[in-house]
Amino acid sequence: MARHLITSALPYINGIKHLGNMVGSMLPADVYSRYLRQRGHDVLYICATDEHGTPAELAAKEQGLPVAEFCAQAHDAQKAVYDGFALAFDYFGRSSSPENREITQHFARRLHENGFIEERAIRQVYSPADGRFLPDRYVEGTCPHCGYDKARGDQCENCTRVLDPTDLINPRSAISGSTDLEVRETKHLFLLQSKLENEVREWVARHDKDWPQLASSIAHKWLTEGLHDRAITRDLDWGVPVPADTWPELAAEGKVFYVWFDAPIEYIGATKEWSDQDPENRDWKSWWYEANDVRYTEFMAKDNVPFHTVMFPATELGIREPWKMVDYVKAFNWLTYYGGKFSTSQKRGVFTDQALDILPADYWRYFLIANAPESDDSSFTWEHFTATVNKDLADTLGNFVNRVLSFSRKRFGDEVPAGGTPGEPEAKLGEEIARLLAEYEQQMEALQFRKAAAALRALWSAGNSYLEEKAPWLEIKTDKDAAALTLRTAMNLIHLYAVVSEPLIPATAKAMREAFSLTEDTATWVTADEAKSLAFVPAGTAFTVPPVLFAKLTDEDLAAYKERFGGDEG
């Protein structure tokens, strides 16, 4: 059985992330990790804060803090939010770690030894007002391709085109705002991607049939445009330093590696951080080096795809060492806010800490996965959110659990009723549950999250259909044993829901599971074949009625959300 290595694109350190960031990488990775663990796989889910580059320096400057102190505080703040969303990372590291520095410098040395890094003199933007060379993100201006007036010197946030600072129209310093900029000569290290282009092209081609169309098309777009040699050092005070034993002159000048050079390496660095916490029982290298039994899946939004399907693979290929390369890239489109982009920098949309202040995590987890922007962009609106919560969570799942347990307590007490022998309706229900569970499994295995959520919702609906068909509130008037059978079957179904819903709504699944007094509740999954007999996941002998699982959202709630966050246009 393959071991599964899973990573999410590293969230930038500069502030709490919005819901679009959550659904574009971390949440689906968590859902998939939880599912695989339940199915008995050996899983390692790694993520970290991306702490280098200009966003960290600019955010620290804005808060008047040393950048190291800012990053430490921001890491803890982000981790608290992710804990609130119940993201079950095996380890959530930091790209500023000693482990990442060590491995990044090793990669750079090996690339240099193999002839894929060279030192070049280039002309770079210099700001007399700031007294320094400006790294790409320290230069802002108008994108020459789409006209977006807040484009950065490395990439346009609007059209996602990769840029150089000198490409920008009307450039200005992001530090001082000065437009008095000069172009001066300085030296930097370049990754010779042009020499690796054919190898990258062949590697991408091997994955064409496996990867989602979004990931594959973006990779081919970059390759069609041709891979250019890329500067991988910057003039910053914060980052992985260029090793002095290899490039003494650049090290003396304080050059650090480009954030997009060291950030993907942090997946490995964070795994070593995890291992270093318990070296006797954890072997980080077995997950990354000569790891032929590992299946590696990456989760990211589409703006991160080029770096993970072209630039980082070029780095790994050029090292000429057997480091694990990604097997599957799960890429996502944008989640928009009423048709406009969620934006950390422009503070538009709902941010993850705000979301948790409003409602528990499971409301958000379910909605986001059920509306994940997989095949195209999807839009968050408060109207859609409240309708989904009310219909799927409150009415379909929550009401089923409450109706079954409350009615059974009223008529049979706190013990799970015994009832008679299952008949044709129960057999029919078992077949339907088996069919829907097989569909759920199939979509989870295929990483089709919207379809998986739809299959899970159909599983919940099947319980309601059974309850309406059997109508135990009528059965009990003429046949108490028949009503008991119906309620016992429904309770077994609640137990099954608790097991298989855990990847999407873990807190609710736990509450459903704990409603039953089971001496041994060891079920980690229920297969489709097992589900044909709902007695396979018995509810036990006694139960309690849990608090309301999901509160219905009112028109007043909707109005309050829209007043706080806006909600008519992007």
Just checking [X] against [Y], ring centres under 6.0 Å apart?
X: F312; Y: W260; answer: no
X: W364; Y: F85; answer: no
X: F307; Y: W222; answer: yes

If you define the side chain from C-beta out and look only at heavy atoms, does anything of [X] sit under 4.5 Å from [Y]?
X: P313; Y: M325; value: yes
X: M22; Y: L368; value: yes
X: P165; Y: P135; value: no

Check for a donor-acceptor pair, side chain of [X] on one end and backbone N or O of [Y] on the other, with a separation under 3.5 Å.
X: D229; Y: S194; result: yes
X: R365; Y: L504; result: yes
X: S25; Y: S8; result: no
X: T49; Y: E51; result: no
X: R184; Y: S127; result: no
X: D30; Y: M26; result: no
X: Q155; Y: T160; result: yes
X: D377; Y: L335; result: no
X: N14; Y: A56; result: no
X: S378; Y: N371; result: yes

Check the angle between the aromatic planes of [X] and [Y] and answer parallel, tilted or perpendicular using the 30° and 60° thresholds.
X: F92; Y: H75; value: parallel
X: W247; Y: F257; value: perpendicular
X: Y337; Y: F380; value: parallel

- Note on the structure: Tested for ring pair (Phe, Tyr, Trp, His ring centres under 6.0 Å) against Y45, the lone hit among Y91, F89, F299 is F89

- Item | Candidate list Y296, Y267, F107, test ring pair (Phe, Tyr, Trp, His ring centres under 6.0 Å), partner W288, passing option | Y296

- Is the shortest distance from a Lys or Arg side-chain nitrogen in E140 or K150 to a carboxylate oxygen in the other one below 4.0 Å? no

- Between K187 and E249, is there a side-chain N and carboxylate O pair less than 4.0 Å apart? yes

Give, for atom [atom1] of [X] and atom [atom2] of [Y], the distance between the pair rounded to the nearest 0.5 Å.
X: R34; Y: I505; atom1: CZ; atom2: CD1; answer: 11.5 Å
X: Q354; Y: L359; atom1: CD; atom2: CG; answer: 13.0 Å
X: L134; Y: R234; atom1: CG; atom2: CZ; answer: 12.0 Å
X: M311; Y: L196; atom1: CE; atom2: CG; answer: 11.5 Å

- Neighbour count >12 (heavy atoms, 6.0 Å) for atom CZ, R172: yes

- Message: How close do D327 and R295 get, counting heavy atoms only, and between which atoms?
- Response: OD2-CA, 3.3 Å

- Taking the six-membered ring of Y289, is the NZ or CZ of K285 close enough (under 6.0 Å from the centre) and on axis enough (within 45°)? yes

- Lys NZ or Arg CZ of K330 over F332 ring: under 6.0 Å, within 45°: yes

- List the steps and the verdict of salt bridge (charged side-chain N to carboxylate O under 4.0 Å, His left out) for R110 and E321. CA-CA 9 Å; R110 291 291 294 151; E321 293 178 344; 3.0 Å; yes

- Pair R152-D136, salt bridge (charged side-chain N to carboxylate O under 4.0 Å, His left out): steps then yes or no: CA-CA 7 Å; R152 304 186 304 254; D136 41 20; over 6 Å; no

- Message: Please identify which of these residues, H41, E502, M444, meets the side chain to side chain contact (heavy atoms under 4.5 Å, CB included) condition with Y35.
- Response: M444

